[in-house]
Protein chains: 2
Amino acid sequence: MAARYEQIAAELREAILTGVHPVGSQLPSEAELAARHAAARGTVRQAVAILAAEGLIGSRQGARRIVLGGERSQSFAELHSFAQWARSKGHAVGGEVLAQRRRPAGAAESARLGTAEVLEVLRLRTLEGEPVLLERTVYASWIASAVEELPPDCESVTQALYDKVGLVFAYGEHLIDAVAAGSEDARLLGVRRGSPLLRQRRITTTQEGRPVEWSDDRYRAGSVAFSIRNSIGANPLTRLAL
Amino acid sequence: MAARYEQIAAELREAILTGVHPVGSQLPSEAELAARHAAARGTVRQAVAILAAEGLIGSRQGARRIVLGGERSQSFAELHSFAQWARSKGHAVGGEVLAQRRRPAGAAESARLGTAEVLEVLRLRTLEGEPVLLERTVYASWIASAVEELPPDCESVTQALYDKVGLVFAYGEHLIDAVAAGSEDARLLGVRRGSPLLRQRRITTTQEGRPVEWSDDRYRAGSVAFSIRNSIGANPLTRLAL
DNA sequence: TAGGGGAACTTGTACAGACAAGGCCAGACC
DNA sequence: GGTCTGGCCTTGTCTGTACAAGTTCCCCTA
């Protein structure tokens, strides 16, 4: 059973998406929402805070909340797991492991993952049958054997590892930039060498903050984009000079 | 005077950054923090919620909060304004307007900005004297004259418009992908045609949700990256199929 | 008619208390 | 020794109240 504030948030989201509260219009006041849902104002505030964090609504002290945008997305899983994202959007997702081997960790990998040995995996992912993503992932040694036992065409590694060993990918740090396709990238993704790729490098940790994997994902240009809504109040995305 | 919970958040952030609470360690409990700051538990929870949203700490019901990462960044301004971001990081920022003209809005622009006429501006931005960013921005007509009066080498348009007419850029929606440099892009950024660029398209609105500008920003590869921390709980960044 | 003042409304901040849910650990038990 | 259980601790959820701060809009006045 979801928390009360999550139910209220879901109802409000639904109301916005179905046009009950069109873009640009004002939301009911907290007091009214509280009365309508028979909840305390604090609970309603938790609900609208979720929508604000999603970028769906904006708020300023003294004025009613405003509907900023329409359709929105959900969660961490969407950014972390290609398969979960694709499936939730109704895309046909595929993939296969092209190479997989254990090797000693380099200095940077050892520092990031905290292990002396790593499992290196090269995966090609497809969307609607077209190759769009090349994943070069390095797993910490303590999870390596579980990864090795997965079938090569496993769609969602995230899901599989959760089912298998109860591993939860809880936190991620991502670095997004553009790079030119190397010769291997070009061959596997079916593009010309030097053509632009969208690169997402990420390190993922468990709930306890223990690093699990370090990955370099390269998307064929024109296949995938990242979307962010932000506001003066809060946003986690930043720019970095290289 | 900042709010109480912001002060507590700032103190905690400082304590994490200076190593009082090292990465991987546990934070004091809410009860203890409340006692230490002579605040209610709810206030402390608001403070730690900020740090959690920044990706600095993680939390799970029942267990103490864990320090996940070190240095972090701040704000919306950082993503919105190139100049404000660069200055806050201590980079030498420059820029100039290469072209500027009024013209009728296309259908897509009219839908996005809600005006029939727009002001189109082409700006080249430099970091440490090197050209890194090409901005193609389209402003809504109601702000056009204020933009036209800015000096061509104005560093921060955001700042200038705030000082001039009190305009606040409050909400933004961003789309990030990779593209190949066109011939104009290549000439102005000093790269070869077809080389990868990191593209950030964004639409920005006022506090009231009124659209102000629509921009296509292209970064030279290797000069700038975007960084995101996220968690199971919340994150605003998502992937989009194209 | 244009502008100022102010009341009513709305969101932001803060406090206090209560219970639920889940993690952690030590001691008991097999 | 290993395992399980129960109690304690910590975070999550929810309620209710009070006041501060900012917005909106109407009415009165010049």
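What you see below is based on every heavy atom in this structure, not just the backbone, and it leaves out hydrogens, waters and symmetry mates.
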Interatomic spacing from [atom1] in [X] to [atom2] in [Y] - rounded to 0.5 Å:
X	Y	atom1	atom2	answer
A:I176	A:R199	CD1	CZ	11.5 Å
B:L12	B:I50	CG	CD1	10.0 Å
B:I66	B:R60	CD1	CZ	5.5 Å
A:I203	A:L113	CD1	CG	5.5 Å
B:D217	B:T137	CG	OG1	6.0 Å
A:W85	A:H91	CH2	NE2	5.0 Å

Problem set entry | Salt-bridge present (A:E109, A:R103; N to O < 4.0 Å) | yes
Exercise. Looking for any heavy atom pair under 4.0 Å, which part of the strands does B:R45 touch: base, sugar-phosphate only, or nothing?
Worked result: base
For this session: Please work out if B:R41 contacts a base, only the sugar-phosphate, or nothing of the nucleic acid, heavy-atom cut-off 4.0 Å.
Result: base
OP1 or OP2 of [N] under 4.0 Å from side-chain N/O of [X]:
X	N	answer
A:T43	D:dT15	yes
B:R4	C:dT13	no
A:Y5	D:dT13	yes
B:R65	C:dG23	no

Taking [atom1] from [X] and [atom2] from [N], how many angstroms apart are they, rounded to a whole number?
X	N	atom1	atom2	value
A:Q46	D:dT11	CD	C1'	13 Å
A:Q207	D:dG12	CD	P	11 Å
A:I66	D:dT23	CD1	C1'	11 Å
A:Q61	D:dA21	CD	P	8 Å

Seminar exercise, completed: With the side chain defined as heavy atoms from C-beta on, A:R60 is closest, among D:dT24, D:dC14, D:dG12, to D:dT24
Problem set entry | Over all atoms of both residues, closest heavy-atom pair of A:Q207 and A:Y171 | O-CE1, 3.5 Å
Exercise. Minimum heavy-atom separation for A:A105 to A:S110, with atom names?
Worked result: CB-N, 4.0 Å
For this session: Under 4.0 Å from any atom of DNA chain C, heavy atoms only: list the residues of residues 24-38 of chain B that qualify, in numerical order.
Result: B:A38
Identify the pairs formed between an N or O of the protein and an N or O of nucleotides 3-5 of chain D at a distance under 3.5 Å, and give each distance.
none

Exercise. Closer to the 5' end of DNA chain D via nearest nucleotide, is it B:R64 or A:V44?
Worked result: B:R64
